[in-house]
Peer 1: 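Below are the structure tokens for one structure; questions will follow.
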Amino acid sequence: MPELPEVETIARELKKSVLGKKITEVCVHVPVVIRQPSVEQFKKGLTGSTIKNILRKAKVLILELSNGKALTIHLKMTGQLVYPGNGKTSRVSFRLSDGKYLDFFDQRLFADLRLLDDWRQLPFIQGLGPEPFDITAERFLEMLSKKKAKIKPLIMDQTFISGVGNLYAAEALFRARIDPQRSGLSLSDKEAVLLLKETQATLREAIVHKGSSVDNYVQLTGLPGGYAKYHKVYDREGKPCIMCKTPIKRTVLGGRGTYFCPKCQK
DNA sequence: AATGGGACCTGCGCGC
DNA sequence: TGCGCGCAGGTCCCAT
């Protein structure tokens with residue numbers, strides 16, 4: 001499931017391979033993923049425009065175009081972008097001025113593609129909290145001090161902090177040795193600062209390894225990311241904790257599978 | 001007001 | 001064997 005490191009990986013690769021190219025043709029094989037505007041307007045607005053800039057905001061990819069509009073892509077759980085693709089088996093294909101295809105795939109059709117006049121006005125983006133990299137220790141303490149919600153759902157709340165999903169929330173909490181069920185305001189200052197630091201470090205390391213391919217995620221090249229082998233708790237139910245050998249447990253928290261070490265995380 | 005659960009989807013893995 | 005069910009999770013939406 002693409003979270004900040006996976007989307008960052010794709011954004012960096014897009015900058016290297018499609019920046020400056022013109023979109024010469026758009027084929028929408030599965031219209032449902034185009035959320036805004038109509039498919040016809042989407043195709044018309046993209047065709048003939050050049051990709052001027054590529055940005056990432058939390059888990060959202062933004063391709064700014066020469067006509068002033070922007071293509072936003074949220075991959076949700078199973079979205080993939082592949083370049084160069086075959087232009088045929090995808091949900092949506094963008095033919096570029098180099099004759100190659102930028103292909104969008106999505107097994108479960110949850111993804112969200114939009115063509116917007118001003119991406120900054122997209123409500124989801126307006127509602128995003130700061131990314132972990134942009135938060136100081138002092139600010140994080142202040143943010144947590146009012147929050148009685150459970151810490152794991154809290155750090156996955158995109159309006160609280162943005163970019164962290166289920167996988168990296170579990171990994172960061174393990175590394176900070178914090179029980180996912182603790183409430184935000186129950187964390188000591190020392191624990192909170194450690195959690196922020198470990199969240200940042202986990203995301204950075206995952207970016208270095210080009211993301212975690214546990215589900216459908218692939219890099220732009222179609223190759224898997226390399227971070228999954230470094231996971232300490234995620235998807236490791238019953239396996240020994242790397243620190244203490246206690247079997248990793250799985251519970252459900254906020255409706256999501258939650259992996260943790262019952263001995264190390266207090 | 002904050003929290004929880006269902007909806008949106010499809011493919012895979014499991015159990016009978 | 002083959003089928004049907006549950007599960008995976010990002011976000012929205014509604015109910016409590």
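These values consider heavy atoms only, across backbone and side chains, with no hydrogens, waters or symmetry-generated copies. Lettering of chains follows the sequences in order, A, B, ..., and the numbering in each one begins at 1.
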Peer 1: For residues Lys210(A) and Tyr217(A), is any side-chain donor paired with an opposing acceptor at under 3.5 Å?
Peer 2: no
Peer 1: What pair of heavy atoms forms the shortest contact from Lys88(A) to Ser93(A), and how long is it?
Peer 2: N-OG, 4.2 Å
Peer 1: Want to settle it: does Gly255(A) or Leu109(A) sit nearer the 5' end of DNA chain B, counting the closest nucleotide to each?
Peer 2: Gly255(A)
Peer 1: Residues two or more places apart in sequence or in another chain: which of them pass side chain to side chain donor-acceptor pair (under 3.5 Å) with Arg256(A)?
Peer 2: none
Peer 1: Taking only the C1' atom of each, what is the distance from dG13(B) to dG10(C) in whole angstrom?
Peer 2: 23 Å
Peer 1: Looking at Lys21(A), I'd like to know if its NZ atom is crowded, meaning that more than 12 non-hydrogen atoms belonging to other residues, nucleotides or ligands lie closer than 6.0 Å.
Peer 2: yes
Peer 1: Taking any heavy-atom pair under 4.0 Å as a contact, classify Tyr217(A): base, sugar-phosphate, or nothing.
Peer 2: nothing
Peer 1: For each nucleotide in nucleotides 10-16 of chain C, reading 5' to 3', give B when a protein heavy atom comes within less than 4.0 Å of its base, S when such contact involves only the sugar-phosphate, and - otherwise.
Peer 2: BBS----
Peer 1: Quick test: give all pairs of protein nitrogen or oxygen and nucleotides 1-4 of chain B nitrogen or oxygen below 3.5 Å, distance rounded to 0.1 Å.
Peer 2:
residue, atom, partner, partner atom, Å
dT3(B), OP1, Ala149(A), N, 3.4

Peer 1: If you look at every heavy atom in Leu196(A) and Ile135(A), which pair is closest and at what distance?
Peer 2: CD2-O, 3.5 Å
Peer 1: In terms of heavy-atom contacts, does NZ of Lys76(A) have more than 12 from other residues, nucleotides or ligands at under 6.0 Å?
Peer 2: yes
Peer 1: Using the P atom in both, what is the distance from dG11(B) to dT11(C), to the nearest Å?
Peer 2: 22 Å
Peer 1: In the single-linkage hydrophobic clustering (I, L, V, M, F, W, Y; side-chain heavy atoms under 4.5 Å), do Leu55(A) and Leu81(A) co-cluster?
Peer 2: no
Peer 1: Taking only residues two or more places apart in sequence or in another chain, which ones pass side chain to side chain donor-acceptor pair (under 3.5 Å) with Ser17(A)?
Peer 2: none
Peer 1: Using both pair distances under 3.5 Å as the test, note the stems of at least 3 consecutive Watson-Crick or G-U pairs that include DNA chain B.
Peer 2: B:2-8 with C:10-16, B:10-16 with C:2-8
Peer 1: Send over the distance from Asp235(A) CG to dC12(B) P, rounded to a whole Å.
Peer 2: 16 Å
Peer 1: Could you tell me which non-hydrogen atom of Glu13(A) sits nearest to which non-hydrogen atom of Leu220(A), and how far apart they are?
Peer 2: OE1-N, 2.8 Å
Peer 1: Kindly state each residue pair satisfying side chain to side chain donor-acceptor pair (under 3.5 Å) with at least one member in residues 153-179 of chain A, sequence neighbours excluded.
Peer 2: Glu6(A)-Tyr168(A), Lys152(A)-Asn166(A), Asp157(A)-Thr159(A), Tyr168(A)-Ser212(A), Arg175(A)-Glu198(A), Arg175(A)-Thr202(A), Arg175(A)-Glu205(A)
Peer 1: I need the minimum non-hydrogen distance between Ala169(A) and Met156(A), along with the two atoms involved.
Peer 2: CB-CG, 3.7 Å
